[in-house]
Amino acid sequence: MKLKPSTLYKTLLNKFGPQKWWPVDEVYHKKNNSDPRFEIIIGAVLTQNTAWSNVEKAVNNLKKRDMINIDRISNQKLDNIKELIKPSGFFNQKAVRLQTLSIFLRDRYKGDLDVFFSRETDVIRKELLSLKGIGPETADSILLYAGGKPVFVVDAYTRRICQRIPFETDISYEGIQRFFQNELSESFSKRDLNKVYNELHALIVVLGKNHCKKKPVCSGCPIEEFCEKLV
DNA sequence: GTCCAGGGCCGTT
DNA sequence: AACGGCCATGGA
């Protein structure tokens, strides 16, 4: 039996339960002029190849200074941003990335995320990818978790799992993304897609952390029966 | 001490 | 196009 993405979703959800990553409506309290979507955007950049626990420290430092704010990140001296986000690692590049992105949003969209996200997904995606420091995964995380767009996020775990199962797809970013989106958009109703993409990506991360590590821990893995244990 | 995280850029083949 | 080195902190 071949494993389908929709089956993977149901299996993982059943095994691990909802992960509740960035549930936009839950966090949706406007405080000190800070848009929760911008906090998600910042998190998406800071979490690049970094443990989430470290990102939380950095985000909390920014919050204390009311820096979850497009204008304030845009205007702040780079050294100050570096200091605040230090716990998230790679702080020299990430400070630049945050500021570049903020200045882009400020100058192009007057810092209005409603306007920014109101457009065609592909258009937004290309804009994000044109910024230094925003690659496919960060762009798609921003689109999905901050923008509420139905976009499936592919990460290192997803790639690894796709190799080991293996799914019938090339393991390029776009290849995996198309493969998942094609099958999932047929198996679920349109209004559930966002939730499915949101939850599935988070569930895959849990599977990766618990079982599908570099050195696989197959005992207790919910999809072991489908796995050819390659790579 | 070693390994590795919710990647992406840049230089070299 | 594909690959390797690099970036950095903190928890296991």
Side-chain angles (χ1 to χ4, degrees), chain A residues 5 8-9 12-13 16-24 27 36-62 78-102 104 125-147 149 151-163 169-177 180 194-217 231:
Chain A
L8 175 67
Y9 170 69
L12 295 181
L13 185 59
F16 299 122
Q19 297 304 306
K20 298 165 184 170
W21 273 18
W22 291 324
V24 189
V27 212
R37 291 173 296 182
F38 189 56
E39 179 177 331
I40 295 171
I41 290 172
I42 288 175
V45 172
L46 293 184
T47 199
Q48 290 169 351
N49 203 43
T50 300
W52 184 251
S53 57
N54 286 0
V55 177
E56 280 183 316
K57 299 179 204 299
V59 170
N60 283 332
N61 287 343
L62 292 170
L78 214 45
D79 284 343
N80 294 331
I81 301 176
K82 289 180 184 177
E83 192 58 33
L84 293 172
I85 67 170
K86 195 167 235 169
S88 73
F90 304 133
F91 52 85
N92 287 307
Q93 6 178 340
K94 284 176 179 175
V96 175
R97 291 174 187 188
L98 286 183
Q99 194 162 60
T100 302
L101 179 55
S102 296
F104 168 79
R125 192 171 193 273
K126 276 178 189 162
E127 275 182 3
L128 289 171
L129 289 176
S130 75
L131 301 172
K132 265 197 206 320
I134 311 291
E137 185 182 344
T138 307
D140 288 338
S141 291
I142 290 172
L143 286 167
L144 176 64
Y145 291 102
K149 305 290 186 182
V151 174
F152 181 68
V153 177
V154 178
D155 68 342
Y157 290 127
T158 315
R159 275 215 192 81
R160 185 184 299 157
I161 291 162
C162 284
Q163 290 181 53
T169 172
D170 67 288
I171 56 151
S172 71
Y173 189 100
E174 319 279 343
I176 293 175
Q177 186 176 52
F180 272 72
N194 201 290
K195 181 174 114 65
V196 172
Y197 292 156
N198 181 327
E199 202 61 71
L200 178 55
H201 173 57
L203 287 164
I204 285 175
V205 172
V206 176
L207 180 69
K209 280 179 174 168
N210 293 339
H211 298 286
C212 215
K213 311 179 181 188
K214 267 191 179 174
K215 233 176 123 66
V217 180
V231 188

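Throughout, a chain's letter reflects where its sequence line sits, starting with A, and its residues are numbered from 1. None of these values were measured; they are calculated from a predicted model.
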What is the distance, rounded to the nearest whole Å, between atom [atom1] of [X] and atom [atom2] of [N]?
X	N	atom1	atom2	result
A/Arg97	C/dC7	CZ	C1'	8 Å
A/Asn60	C/dG10	CG	P	14 Å
A/Tyr173	C/dC3	OH	P	19 Å
A/Leu46	C/dC7	CG	P	19 Å

- Item | DNA chain B-proximal residues of residues 125-134 of chain A, any heavy atom under 4.0 Å |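 When residues 125-134 of chain A is checked for heavy atoms under 4.0 Å from DNA chain B, the hits, listed by number, are A/Leu131, A/Lys132, A/Gly133, A/Ile134.
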- Query: For DNA chain B, what residues of residues 80-92 of chain A have any heavy atom nearer than 4.0 Å?
  - Reply: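 None - not one residue of the stretch has a heavy atom sitting under 4.0 Å from the strand.
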- Message: Which residue in the set A/Phe152, A/Tyr9, A/Tyr197 passes ring pair (Phe, Tyr, Trp, His ring centres under 6.0 Å) when paired with A/Phe180?
- Response: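 Result: among A/Phe152, A/Tyr9, A/Tyr197, A/Phe152 is the only option passing the ring pair (Phe, Tyr, Trp, His ring centres under 6.0 Å) with A/Phe180.
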- When you compare C/dA8 with B/dC10, how far apart are their P atoms, in angstrom units rounded to a whole number?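 One P to the other, the span is 14 Å.
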- Query: Which value, in whole Å, describes the distance between the C1' atoms of nucleotides B/dG6 and C/dA2?
  - Reply: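 After rounding to an integer number of Å, I get 24 Å for this pair.
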- Evaluate the criterion side-chain contact (heavy atoms from CB on, under 4.5 Å) for residue pair A/Leu128 and A/Leu101; output intermediate values, then yes/no. CA-CA 8 Å; A/Leu128 289 171; A/Leu101 179 55; 4.2 Å; yes
- Message: Under 6.0 Å from the ring centre and within 45 degrees of the ring axis: does the NZ or CZ of A/Lys82 meet both conditions for the six-membered ring of A/Phe91?
- Response: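 Negative - A/Lys82 is either too far from the ring of A/Phe91 or too far off its axis.
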- Carefully, step by step, assess A/Leu8 and A/Ile204 under the rule side-chain contact (heavy atoms from CB on, under 4.5 Å). CA-CA 9 Å; A/Leu8 175 67; A/Ile204 285 175; 4.2 Å; yes
- Pick base, sugar-phosphate or nothing for A/Lys214, based on heavy-atom distances below 4.0 Å to the nucleic acid.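 Contact class for A/Lys214: sugar-phosphate only.
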- Which part of the nucleic acid, if any, lies within reach of A/Gln93 when heavy atoms closer than 4.0 Å are counted: base, sugar-phosphate only, or nothing?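 Contact class for A/Gln93: base.
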For the residue pair [X] and [Y], what are the closest heavy atoms and their distance?
X	Y	answer
A/Tyr173	A/Pro136	OH-O, 3.4 Å
A/Thr50	A/Gln48	OG1-O, 2.8 Å
A/Val153	A/Glu137	CG1-CG, 3.6 Å
A/Ala95	A/Ile85	N-CD1, 3.5 Å
A/Ile171	A/Cys162	CG2-CB, 4.4 Å

- Item | Earlier contact from the 5' end, DNA chain C, for A/Lys57 and A/Thr50 |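 Result of the comparison: A/Thr50.
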- Task: Please find the earliest and latest nucleotides of DNA chain B, in the 5' to 3' direction, that have an atom within less than 4.0 Å of any heavy atom of chain A.
- Result: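 Boundary nucleotides touching chain A, in 5' to 3' order, are B/dC4 to B/dC10.
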- Full working for side-chain contact (heavy atoms from CB on, under 4.5 Å) between A/Ile134 and A/Arg97: CA-CA 8 Å; A/Ile134 311 291; A/Arg97 291 174 187 188; 5.6 Å; no
- Point-to-point distance, once rounded to the nearest 0.5 Å, from CD of A/Gln99 to CG of A/Leu78: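 Answer for the CD-CG pair, A/Gln99 versus A/Leu78, is 5.0 Å.
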